[in-house]
Structures are given as C-alpha cells and as structure tokens.
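Taking it in order: structure first as structure tokens, then the write-up.
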Amino acid sequence: MARNPRYDILFEPVKIGPVTARNRFYAVPHAAGMTNAMPHMRAKFRETKAEGGWGVVCTGYVSIDPSSDDAPLPFATLWDDEDIRSHALMTEAVHRHGALAGIELWHGGGSVMNRTSRMATMSPSGTSWMATHVNFMGNQRPRMMDAADIRALLTWQGQAARRAQSAGFDIVYVYAGMGYLPYEFLLPEWNLRTDAYGGSVRNRVRIVRELLEVTREAVGGRCAVALRISLEELRARPSSVAPSEAHEAVELLADVPDLWDVKLDSSPTDCAPSRFAPEGSHEPIIGFVKQLTRRPVVGVGRFTSPDTMVGQIRRGVLDLIGAARPSIADPFLPKKIDEGREQDIRECIGCNICISSWHDSVPVRCTQNPTIGEEWRRDWHPERIAPAGSGASILIVGAGPAGLECALSLGRRGYEVSLAEAGDEIGGRLRFETRLPGLAAWGRVLEWRRGQLERLPNVSLYRGNRLTAEEILELGNTHVVIATGARWARLLYSPLEIPAGALEGPGVLTPDDIAAGAPLEGPVIVYDYDNYYMGSVLAEHLARLGHAVSYVTPAGHASAWAIMSNEQPQIHRALAAAGIALHTLTRVTAFAGGEATLARQFTDEARRLPCRSLVIVGARFANDGLHAALSASPDALAAAGIRSVTRIGDALAPGAIVHAVYSGHRYARELDADPATLAYRRDAPLARQSEGACAARGAAVAAP
Ligand code: ADP
Ligand code: SF4
C-alpha cells in the first residue's frame with residue numbers, strides 16, 4: 001500500500017547540527033532496563049526500532065562517572081574507554097538500518113545514592129531528593145559541590161562525549177531533566193548557591209551552557225549536541241523579563257544546542273499513564289519552545305496517531321515526533337505509516353508496565369508488544385514469526401488477552417485455529433475493565449487483535465460457546481489451549497499477609513460480581529489487597545455511581561504497586577477528588593449487620609465502619625477446571641487425537657494483562673519448536689581488555 005500523502009511531512013529529513021535524520025520519527029532516550037551487562041540484548045532491542053523506520057534511536061541514561069551510580073536501577077555507563085565497545089554494538093546495529101544513534105549522557109547528582117560506587121553523592125547546595133517512592137529512597141545525603149566539583153563535572157562530560165563519538169554516536173546529549181544534576185542547578189530550591197552558578201536564571205543555566213560547550217568541543221563537529229531539559233517547574237515560575245522562567249532559560253540557551261529535547265519534570269507527569277492523561281498532554285507546557293529557537297525541537301506525548309503527529313508539526317509545536325512508549329509498543333510504527341498501514345499500528349495503551357520494568361530493575365516488558373526485550377535472547381521479532389511446524393489444528397478456549405494473542409500468533413504461523421469464547425463478545429476481562437474510569441485506552445489490546453484476526457482466514461472464532469470437557473474431546477483438535485482466565489476470591493487477609501478466611505454472605509462482592517452487574521447498596525467498602533489498579537478504579541467507579549465509598553487497604557498507599565507504573569500520585573488525587581475515604585495500613589476482619597470491623601495492620605487496634613456492601617479486591621485463582629478435567633483422562637485425550645492440553649494466561653497463573661499476552665504469545669512461538677531452542681540466550685558484559693583501567697580511574701575520582 002502507498003503512504004497517505006497527508007503524512008508525507010512526517011518523512012521529511014531534518015538537519016540536526018552536522019547530521020541529518022532521515023525522517024521526523026525520533027525514539028527518545030528512555031530507560032529500558034538494559035545495562036552494559038546486556039550489550040547484545042540492548043543492541044538488538046534498539047536495532048529493531050531502527051529497522052522499524054525510526055530516524056533516530058537513542059540509548060537510555062548513560063552515567064558519565066562513578067559519582068553517578070543509580071544502582072539497583074539499571075543504568076548504562078561510559079566511565080572509561082573500556083565501555084566504548086559495548087555501546088558501539090548498538091550504534092553499528094542502528095546504522096545498519098539508516099538511522100542516527102543518540103546517547104543520553106547523564107549525571108544523577110543528589111537524586112542517586114551511589115550504592116555500588118560508595119562515593120559521596122553531590123548536588124549544587126547539598127540538597128537531597130527525599131522521594132516518596134521507596135525505590136528512590138536512601139540514607140545517603142549529598143555534599144555541596146565546590147568549584148573543583150563543577151570543573152570535574154565538565155571534565156567528565158567532555159570525556160564521556162569523546163567516548164560517545166568514538167562509539168559511533170551521531171547525537172550526544174546534555175541531560176538537564178528529571179531531578180538530575182544539571183536540572184538541580186536550574187531550580188532555586190535545589191540551588192542555593194551564591195556564586196556564578198546560583199541566583200538569577202542566567203546564573204542557574206550557566207552549568208547547562210558550559211556542559212553544552214564542553215560537549216561540542218569534545219565531539220569536534222562530528223556529532224550533534226542535544227539538550228534534554230525538563231521545563232514543567234520553570235514554566236510555572238514567573239519571570240520579570242519573560243512570560244516564565246522556562247521562557248527565560250530557553251531564550252538564554254536558544255541556539256547553543258543543535259537540538260532541543262523537551263520534557264516534563266517527574267516520571268508520573270512526563271510518562272503519564274493513560275488513566276489520567278491523554279495523548280499529547282505535554283503541549284501546554286512545552287509548546288512555546290519552538291518560537292524561541294531556530295534549532296529543531298523534539299518532544300513526546302504518547303503519540304500513536306499520525307494525524308496528531310502531523311498536527312503538532314503543522315502547528316509549530318515540534319519538528320521531530322519523539323516517542324518512548326509508542327516505540328516500545330510498536331517498533332515498526334514509522335514503517336507502517338510509510339506503507340499506508342496505519343491500521344496495523346499496535347498502539348501503546350498507556351498502562352506503564354514498561355516503566356514498571358525499569359523500577360523493577362529488569363529488561364523492558366510491554367502489555368501490547370510481547371516481543372520487546374526478547375529480540376536477541378529469544379530471537380523474537382515483532383513483525384515476523386516462524387511458519388507452522390506441522391499441520392496441527394489448535395483449539396483455544398477463551399478469548400481474553402491470552403487467548404486472543406495466542407490465536408493471532410498461531411494464525412500468523414499458518415496453523416488452523418479455532419477460538420471458542422463463552423461470552424457473546426470477545427475480550428475477556430477487558431470487556432468490563434475498559435468501561436472503568438480512565439481505562440478506555442486499554443481497549444486497544446482487544447481492538448488491535450480483533451482487527452488483525454479478522455484478516456486471518458485460518459482462525460475461526462466461535463462466540464457464545466462455553467465449552468465443556470466432553471465437547472472439547474468431541475472436537476478432537478491436535479492441541480488444546482485453555483485460556484479461561486481467573487476469578488476473584490472472597491477471602492480476607494491474614495496478619496501473616498496471605499489471603500485467608502473465606503467471607504461469604506449477602507453484600508460480599510468481588511470485581512467479577514460488579515462486572516456481572518450485581519446489585520449493590522451503599523455505603524460501600526472497597527477492600528484492596530491486590531494493590532494494583534482494580535481496587536482504586538472500582539472505588540472511583542462506584543463513587544461515580546453515587547455510592548458513599550471507603551477504600552481500605554493493608555498497604556501504606558492506595559494501589560500500592562501502582563507506584564511502579566507512575567499511577568499512584570494521580571490515584572490518590574482521584575480518590576480524594578471523588579470524596580473516597582482512605583484507610584491505609586488497615587485490614588477488614590469481619591462484616592455483618594451493616595458494619596465492617598477493621599483492624600490496624602501492625603497494632604490490631606479495632607474500629608467499625610458502616611458498610612452494606614463489601615467489595616473484596618484481593619486474591620485471584622485460575623479457572624483451570626477444564627484443564628484438570630481433561631488432564632485426568634489421558635486415554636480419552638489419546639482416543640480423541642488430542643496430543644496436548646496447555647494452560648496459558650490467567651488460567652495458568654493469574655496476573656496483569658501483560659503476563660497473559662506474553663503467555664499466549666510464548667505458547668504460539670514455541671509450538672512444534674525444537675525443545676533445545678527454548679531456553680533463552682543469556683547475555684553477558686563484554687570482557688574488559690585491561691583489568692587495571694577502572695581501578696586507576698576509581699582512585700582518581702574517589703577523593704571526596
Ligand atoms: P486472560 O487474561 O488469561 O486472557 P480473561 O479472563 O481475560 O483471561 O479471559 C478468559 C476468557 O475465557 C473469558 O472471556 C471467558 O468468557 C472465557 N471462558 C471461560 N471459560 C470458558 C469456556 N469453558 N469456554 C469458552 N470460553 C470460556
Ligand atoms: Fe505502552 Fe503499556 Fe507497552 Fe508501556 S507497557 S509501551 S505503556 S502498552
């Protein structure tokens with residue numbers, strides 16, 4: 001198919017200093033959980049984006065010196081010349097497909113803890129970041145930087161830039177965002193200095209200017225020099241000479257970098273979940289930058305719609321369409337637009353499981369794209385899959401995320417697939433969950449797969465078909481896949497922090513009951529020890545229906561795990577805005593007679609709360625009855641010609657949608673594969689050439 005001429009503008013080359021991007025698709029720096037210890041995985045992961053048509057593909061954050069050590073969070077290093085080869089693997093891979101490679105050089109300042117290097121951390125005035133996110137808490141406070149530290153910072157940046165250029169990068173960053181060291185100079189709360197680096201905006205941006213200058217000098221005109229800067233806080237601060245301090249800062253640096261990469265200040269606002277922020281949500285903050293510089297500007301906003309992208313360019317907001325999440329969910333997004341296949345774009349749903357992987361310190365995972373991070377170690381390609389290894393027919397029971405992904409991937413391989421769904425509609429848990437406040441975009445998991453499946457004549461879908469074990473035997477397919485999901489349990493939570501104590505009776509409900517339309521009377525308690533989104537989103541849903549809702553959890557926060565997906569700050573705001581009373585560190589111990597009995601988690605102090613409906617959002621158990629029934633009669637299976645019965649998704653182990661999709665995909669990849677090929681390849685750091693290099697350098701920087 002031909003490209004829609006409306007989108008031609010997206011494929012215009014853009015000059016960035018001495019280099020030229022082939023188009024306007026720019027995969028911005030983003031954490032992907034792959035450190036220098038995984039150089040092949042990292043290179044292949046980024047190569048796949050270049051193959052998918054991105055004009056620029058960047059690294060994640062790369063530390064310029066051991067005094068910036070974010071362990072256990074996964075960061076890359078360019079601390080000495082020995083680190084160059086590891087990054088060169090990526091630049092060579094990216095260049096093979098005609099893309100430019102960018103590197104985000106980084107110093108974390110007072111926002112890191114140097115847990116591995118054990119050096120004293122530093123910030124402009126000794127100010128530290130006192131995070132509410134436990135991953136970022138620590139008990140090391142930074143020291144105030146003196147003039148020698150500032151000189152050292154400039155030296156490290158220059159040395160790292162020179163190494164970046166040797167590694168083959170085309171774009172080298174100065175990173176003044178997200179609470180890291182150069183950003184700390186920008187804000188007067190961090191920066192209380194009275195020397196030339198503190199006070200006025202001109203003084204506060206001085207370090208950024210100097211970092212840009214040393215970078216330019218180091219790369220000797222061969223690489224573009226980019227500035228990545230967070231503008232949210234500065235934009236909110238008045239200035240006597242400009243509409244805001246952000247305007248003043250951009251005016252002062254206007255043409256110093258070759259490229260402006262503009263973003264917001266904290267991960268929950270910059271990488272905002274779709275539950276609380278729409279596509280393009282950065283524009284009101286960063287929209288002014290292009291008017292103040294002649295250099296190209298890149299920004300993000302979970303862009304997946306080519307029309308929105310074109311709109312941003314035509315309205316003079318951005319020159320380059322930046323993407324982290326959309327490039328994870330679909331590394332081939334540019335190519336699909338180029339080929340007139342917009343309907344094939346696997347759009348990011350904004351669930352932020354990807355960012356949770358970084359918080360978990362593991363390689364990136366994605367709800368929409370199960371192949372991400374598996375490109376090298378499992379040889380999974382997002383657009384290609386091996387042809388069928390036999391003439392087998394497969395029956396998949398259940399068309400939720402797991403069953404749908406499994407059917408699609410098996411169908412693409414060419415197998416004859418029957419997908420049976422008990423309900424009148426496909427989608428499984430998504431049928432209900434996408435109707436909950438803020439979760440409509442998650443429907444893309446279903447809609448994309450529905451659209452793709454419709455084009456596969458070898459996949460037959462049977463709705464309204466609740467299959468029994470006997471019926472499955474009669475159908476006699478070669479393989480049976482059980483994707484029948486899971487159910488929520490009516491269990492309380494024991495002081496041992498495990499689900500225990502069944503609670504049956506009128507008024508005791510689970511999310512499954514609400515999904516099925518069970519009647520409900522207020523006041524309602526949503527009792528959440530699942531700790532992800534379901535408890536808080538149901539509380540919001542029930543409050544919108546007009547019920548008086550209290551939210552009770554044994555955890556310290558509402559939706560405690562959602563800190564990992566950047567949702568928690570907004571969840572607390574949403575609960576407060578909906579008038580929902582919050583009871584943290586509290587268990588429900590009994591429910592009768594219009595009252596629930598609560599106990600404080602660590603002291604057992606008891607109290608009562610009026611309650612007519614108790615919604616328990618806690619444990620889930622697999623719907624694996626069909627699997628058990630079929631597996632119990634191997635003779636009957638053999639007589640029916642069924643060679644295997646396999647559980648996938650929630651029917652195997654209940655979890656988030658990301659796990660169900662992955663499970664379905666993995667089954668499809670591995671059917672008829674040689675068992676010897678199923679273990680994943682283990683990556684390892686490249687061997688260092690000289691053992692002494694790092695130790696010598698460490699001694700040189702360890703003095704403070
Ligand atoms: P997962 O997240 O693992 O895909 P879901 O709960 O979202 O699980 O989806 C499971 C689907 O399986 C639901 O749509 C449900 O209606 C369907 N299902 C459950 N039991 C049967 C059955 N016996 N026959 C056909 N479909 C079933
Ligand atoms: Fe988008 Fe979710 Fe995938 Fe992240 S994990 S890229 S937010 S779909």
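Treat the numbers as computed from the prediction; the structure is a model and nothing was measured.
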Please determine, by modelled atom types, if [X] and [Y] share a side-chain donor-acceptor pair under 3.5 angstrom.
X	Y	value
Glu497	Tyr493	yes
Thr121	Asn114	no
Thr553	Asp528	no
Glu232	Thr269	yes
Gln368	Arg449	yes
Glu375	His381	no
Trp106	Ser68	no
Asn531	Trp561	no
Asn352	Arg275	no
Arg412	Gln452	yes
Tyr183	Asp265	yes

Discussion item. Within this structure, what is the OG1-CG distance for the pair Thr484 and Asp624, rounded to the nearest 0.5 Å?
Written reply: 7.0 Å
Discussion item. List the residues meeting salt bridge (Lys or Arg N to Asp or Glu O under 4.0 Å) with Lys263, not counting sequence neighbours, and say none if there are none.
Written reply: Asp270
Worksheet item: Can Asp170 and His95 be said to form a side-chain hydrogen bond (donor to acceptor under 3.5 Å, both in side chains), step by step?
Response: CA-CA 10 Å; Asp170 308 286; His95 289 158; 2.7 Å; yes
Worksheet item: Does the gap between the ring centers of Tyr180 and Tyr175 come in under 6.0 Å?
Response: yes
Worksheet entry | His665 ring center within less than 6.0 Å of Trp380 ring center | yes
Worksheet item: Hey, is CZ on Arg96 packed in by over 12 heavy atoms from elsewhere, all under 6.0 Å?
Response: yes
